[in-house]
Amino acid sequence: MLPICLALSLWTPAAEPIAPTALAQDGFLNNLTGDAPWHTLRWQWFQAEASLGDPDGYIFDGAMPLNENLYGYGNWGFFSEDGLDYDLLTFGVGYHDNVAALEDVFEEAEWFARGGFQNVSAVGFQESGFEIAGGLRAILAERIEAELTVGYRETFDADFFGSIRGEYELSRNVALTARFEVAEDEILGLGFRFYPTQG
């Protein structure tokens, strides 16, 4: 159902970075270098097409490394439909590692897996559940990162989902992000990713 689908707006980040590569001539870092992807904050506006209506809202999410391969993540979302407001909270842990077999295809690539707790609440209503997911992140070209995710969540009804996200790096600290998810409902999200300056 819709509130569950919104949990994926989190756009999974993962933990510590892939080994740094050389800076581009204009001084920008590739998205998977440094520790940028793993110390991440995102803001996203989303619009959903759902059997319950066409709600829209905002999601804030972030991640930080716990060690070389583990990361923690979380998000908070707000969405509204016909005057009814909901809050969505998700937090959990994940694991990531390089994909050596794809080194000849992509500049850099990683697989990841994550699992987390979810809670959806509104006035007089609350429901808790979980999600598990995994996928692949890769650098497609200079400044362009893509991520493919598949998973399962159970907060209201059991629901399998798939999503694709693309990001275009504007500077060392800011990237445009877009995501499309298909489950029982369809969700389109647009926003920004922020990460700290790398030394």
Side-chain angles (χ1 to χ4, degrees), residues 5 7-42 44 61-75 90-116 130-153 159-183 186-189 191 193-196 198-199:
C5 295
L8 229 238
S9 298
L10 146 105
W11 288 282
T12 61
E16 184 137 326
I18 297 173
T21 59
L23 289 175
Q25 291 183 352
D26 59 5
F28 293 107
L29 286 173
N30 288 327
N31 286 357
L32 296 184
T33 63
D35 58 0
W38 319 128
H39 294 88
T40 302
L41 293 173
R42 287 188 179 88
Q44 177 191 5
D61 68 78
M64 64 178 299
L66 302 176
N67 62 28
E68 183 177 355
N69 296 103
L70 290 175
Y71 63 96
Y73 71 89
N75 68 47
T90 305
F91 60 89
V93 295
Y95 184 90
H96 77 102
D97 205 352
N98 296 345
V99 183
L102 296 178
E103 289 180 353
D104 294 334
V105 180
F106 302 108
E107 182 176 341
E108 300 180 44
E110 286 195 334
W111 67 269
F112 64 88
R114 70 173 190 263
F130 69 91
E131 74 160 10
I132 55 174
L136 179 70
R137 305 170 60 244
I139 295 293
L140 302 184
E142 184 178 329
R143 304 196 195 183
I144 299 176
E145 176 186 333
E147 177 181 295
L148 179 65
T149 303
V150 294
Y152 172 84
R153 56 173 71 97
D159 190 11
F160 289 93
F161 62 86
S163 72
I164 185 169
R165 185 184 80 233
E167 295 189 343
Y168 180 79
E169 191 176 72
L170 300 175
S171 72
R172 291 185 64 163
N173 305 94
V174 180
L176 296 175
T177 182
R179 185 183 65 91
F180 180 70
E181 179 182 320
V182 177
E186 296 181 357
I187 298 173
L188 173 65
R193 184 182 79 178
F194 306 92
Y195 44 81
Q198 305 302 303

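Worth knowing before you read on, the calculation uses all heavy atoms, side chains too, and leaves out hydrogens, waters and symmetry mates. Position 1 is the first residue of the sequence; numbering continues from there. Note that the structure is a prediction, hence the values are computed from the model and not measured.
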Q. Taking it one step at a time, do Arg193 and Thr40 satisfy side-chain contact (heavy atoms from CB on, under 4.5 Å)?
A. CA-CA 7 Å; Arg193 184 182 79 178; Thr40 302; 3.4 Å; yes

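- Judged by distance alone, the side chains of Glu147 and Thr149 do bring a donor and an acceptor atom under 3.5 Å apart.
- Nearest heavy-atom pair, Phe106 versus Ala138, reported as atom, atom and distance to 0.1 Å: CG-CB, 3.8 Å.
- When all heavy atoms of Glu145 and Ile139 are compared, the pair lying nearest together is CB-CD1, 4.3 Å.
- To the nearest 0.5 angstrom, Leu170 atom CG is 4.0 Å from Leu176 atom CG.
- Smallest separation of non-hydrogen atoms from Tyr71 and Tyr95: CE2-N, 3.3 Å.
- Across Phe161 and Tyr152, no two heavy atoms sit closer than the pair CE2-N, 3.4 Å.
- Taken to the nearest 0.5 Å, the CH2 atom of Trp111 stands 9.5 Å off from the NE2 atom of His96.
- When all heavy atoms of Ala146 and Leu140 are compared, the closest pair comes out as CB-CD1, 3.5 Å.
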Q: Apply salt bridge (charged side-chain N to carboxylate O under 4.0 Å, His left out) to the pair Glu186 and Arg179, showing each step before the final yes or no.
A: CA-CA 11 Å; Glu186 296 181 357; Arg179 185 183 65 91; over 6 Å; no

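- Interatomic distance, CG of Asn98 versus CG of Asn69, reported as 8.5 Å (0.5 Å rounding).
- Between the CZ atom in Arg153 and the OG1 atom in Thr90 there is a gap of 8.5 Å [rounded to 0.5 Å].
- Here Thr177 contributes atom OG1 and Phe194 contributes atom CZ; the two are 10.5 Å apart, rounded to the nearest 0.5 Å.
- Within the model, atoms CZ of Arg137 and CZ of Arg165 stand 6.5 Å from one another, a figure rounded to the nearest 0.5 Å.
- Electrostatic pairing of Arg42 and Glu167 counts as a salt bridge here, judged by a charged N lying under 4.0 Å from a carboxylate O.
- When all heavy atoms of Ala109 and Leu136 are compared, the pair lying nearest together is CB-CD1, 4.4 Å.
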